[in-house]
Asker: 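Attaching a single structure in structure tokens format; questions to follow.
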Amino acid sequence: MMMVTLLEFKTVESLSLTLKSTLSRLIEQCKNLRELKKIHTQILKSPILHLGDQYHLITRLLFFCSFSNYGSFSYATNVFHMIKNPDLRVYNIMIRAYTSMEGGDGTHFCKALMLYKQMFCKDIVPNCLTFPSF
């Protein structure tokens, strides 16, 4: 059985925090979808990121894709569908993204309502950010 020393554990923890901070900053500074996809790949493939940190970064990436001029809503939708157990924050991002879309035939409002219904089916209780008054 392999023993991990406290120093080794702290080093991995430090690397994980540094990587989380770096990837978070890169998401915010991203200028195109190609860069965003590279960051997404790094988040998914990094062996030192904790699952909680990975989830946090994925939600930041989802938000960026949904609302940034450099993102892509279709990519955001793909990211959303890859999340195994979306929480309230993830649903809120997607619902807000659908309801803030302009133009079209109104199907984006139907999709937002479908996500709202899906939340209830999963016993996720909406909050004031789910459908705020505009």
Side-chain angles (χ1 to χ4, degrees):
M1 183 193 286
M2 188 173 138
M3 297 283 294
V4 176
T5 67
L6 185 58
L7 180 60
E8 290 170 325
F9 179 77
K10 287 185 177 186
T11 302
V12 171
E13 288 293 311
S14 177
L15 287 172
S16 180
L17 286 173
T18 302
L19 183 58
K20 177 184 173 185
S21 175
T22 300
L23 290 171
S24 185
R25 190 173 53 255
L26 288 173
I27 291 169
E28 297 302 317
Q29 296 172 350
C30 190
K31 299 292 183 208
N32 60 56
L33 186 59
R34 193 177 103 254
E35 287 179 12
L36 200 63
K37 288 180 178 182
K38 286 181 181 180
I39 296 166
H40 189 199
T41 300
Q42 288 297 315
I43 293 168
L44 295 176
K45 292 192 174 195
S46 172
I48 62 170
L49 273 177
H50 298 292
L51 288 178
D53 292 341
Q54 189 181 50
Y55 191 83
H56 171 79
L57 289 166
I58 292 294
T59 58
R60 290 185 64 106
L61 185 124
L62 180 68
F63 184 85
F64 186 86
C65 285
S66 299
F67 296 103
S68 168
N69 293 335
Y70 303 112
S72 161
F73 188 72
S74 64
Y75 192 70
T77 303
N78 292 339
V79 170
F80 173 77
H81 290 297
M82 290 170 46
I83 298 172
K84 289 183 180 149
N85 295 308
D87 63 7
L88 177 61
R89 178 177 31 168
V90 170
Y91 276 105
N92 282 350
I93 291 169
M94 290 305 292
I95 289 170
R96 294 286 303 273
Y98 275 121
T99 58
S100 66
M101 293 175 81
E102 295 181 10
D105 58 2
T107 57
H108 48 278
F109 290 115
C110 292
K111 289 180 181 181
L113 288 172
M114 287 176 20
L115 286 177
Y116 188 71
K117 181 180 176 184
Q118 192 178 81
M119 282 175 54
F120 276 105
C121 290
K122 293 184 177 190
D123 293 325
I124 298 173
V125 179
N127 64 12
C128 62
L129 299 176
T130 307
F131 277 114
S133 58
F134 292 95

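Below, all heavy atoms of this structure are taken into account, side chains as well, without hydrogens, waters or symmetry copies. Residues take their numbers from the sequence shown, with the count starting at 1.
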Asker: OG of Ser72 to CG of Asn32: how many Å apart, nearest 0.5 Å?
Answerer: 11.5 Å

Asker: So which atom in Leu88 and which in Pro126 form the shortest heavy-atom distance, rounded to 0.1 Å?
Answerer: CD1-CA, 3.9 Å

Asker: Quick one: pull up CD1 in Ile48 and CG in Leu17 and give me the separation to the nearest 0.5 Å.
Answerer: 9.5 Å

Asker: Drop me the distance from Gln54's CD to Leu61's CG, to the nearest 0.5 angstrom.
Answerer: 11.5 Å

Asker: Strictly distance-based, threshold 3.5 Å: is any side-chain N or O of Gln118 a donor or acceptor partner for the main-chain N or O of Met114?
Answerer: no

Asker: Under the 3.5 angstrom rule, does the side chain of Gln42 hit a backbone N or O of Leu23 as a donor-acceptor pair?
Answerer: no

Asker: Hey, mind stepping through Lys20 and Arg60 against side-chain contact (heavy atoms from CB on, under 4.5 Å) and telling me if it holds?
Answerer: CA-CA 11 Å; Lys20 177 184 173 185; Arg60 290 185 64 106; over 6 Å; no

Asker: Whether the side chain of Ser100 engages the backbone of Ala97 through a donor-acceptor N/O pair (distance < 3.5 Å, no angle test) should be reported.
Answerer: yes

Asker: Taking a hydrophobic cluster as the set of Ile, Leu, Val, Met, Phe, Trp and Tyr residues connected by side-chain heavy atoms closer than 4.5 Å, whether directly or through intermediates, do Tyr91 and Phe120 fall within one such cluster?
Answerer: yes

Asker: Side chain to side chain donor-acceptor pair (under 3.5 Å) with Asn92: which of Asp87, Thr59, Thr130?
Answerer: Thr130

Asker: Nearest 0.5 angstrom please: Leu57 CG to Ser24 OG, how far?
Answerer: 6.0 Å

Asker: How close do Ser46 and Leu19 get, heavy atom to heavy atom, and via which atoms?
Answerer: OG-CD2, 3.0 Å

Asker: Is there side-chain contact between Met119 and Ile95, with at least one heavy-atom pair below 4.5 Å?
Answerer: yes

Asker: Compare all side-chain heavy atoms of Leu26 with those of Glu35 and state whether any distance is below 4.5 angstrom.
Answerer: no

Asker: Any heavy-atom pair between the side chains of Met101 and Phe109 that's under 4.5 Å?
Answerer: no

Asker: Taking the side chain as everything from C-beta on, heavy atoms only, tell me whether Thr99 gets closer than 4.5 Å to His108.
Answerer: no

Asker: Rounded to the nearest 0.5 Å, what separates atom CD in Gln29 from atom CZ in Phe64?
Answerer: 10.0 Å

Asker: How long is the straight-line distance from SG of Cys30 back to NZ of Lys37, given to the nearest 0.5 Å?
Answerer: 11.5 Å

Asker: For Phe63, look at atom CZ and say whether over 12 heavy atoms of other residues, nucleotides or ligands are found less than 6.0 Å away.
Answerer: no

Asker: Can you tell if the side chain of Ile27 reaches within under 4.5 Å of the side chain of Ile43, non-hydrogen atoms only?
Answerer: yes

Asker: Locate the shortest heavy-atom distance separating Leu62 from Phe80; write the atom from each residue and the value.
Answerer: CD1-N, 4.0 Å

Asker: Is the shortest side-chain heavy-atom distance between Leu113 and Tyr98 below 4.5 Å?
Answerer: no

Asker: Just wondering, more than 12 heavy atoms not from Asn85 lying within 6.0 Å of its CG?
Answerer: no

Asker: Are any non-hydrogen side-chain atoms of Phe73 and Cys65 less than 4.5 angstrom apart?
Answerer: no

Asker: Do you know the tightest heavy-atom contact between Leu44 and Met82?
Answerer: CD1-CE, 3.9 Å

Asker: Any donor and acceptor pair, going by atom type alone, linking the side chain of Ser21 with main-chain N or O of Thr18 inside 3.5 Å?
Answerer: no

Asker: Is the closest side-chain heavy-atom distance between Met94 and Thr77 below 4.5 Å?
Answerer: yes

Asker: Are Tyr55 and His50 linked by a side-chain donor-acceptor pair shorter than 3.5 Å?
Answerer: no

Asker: Counting only heavy atoms not in Lys122 (residues, nucleotides, ligands), do more than 12 fall under 6.0 Å from its NZ?
Answerer: yes

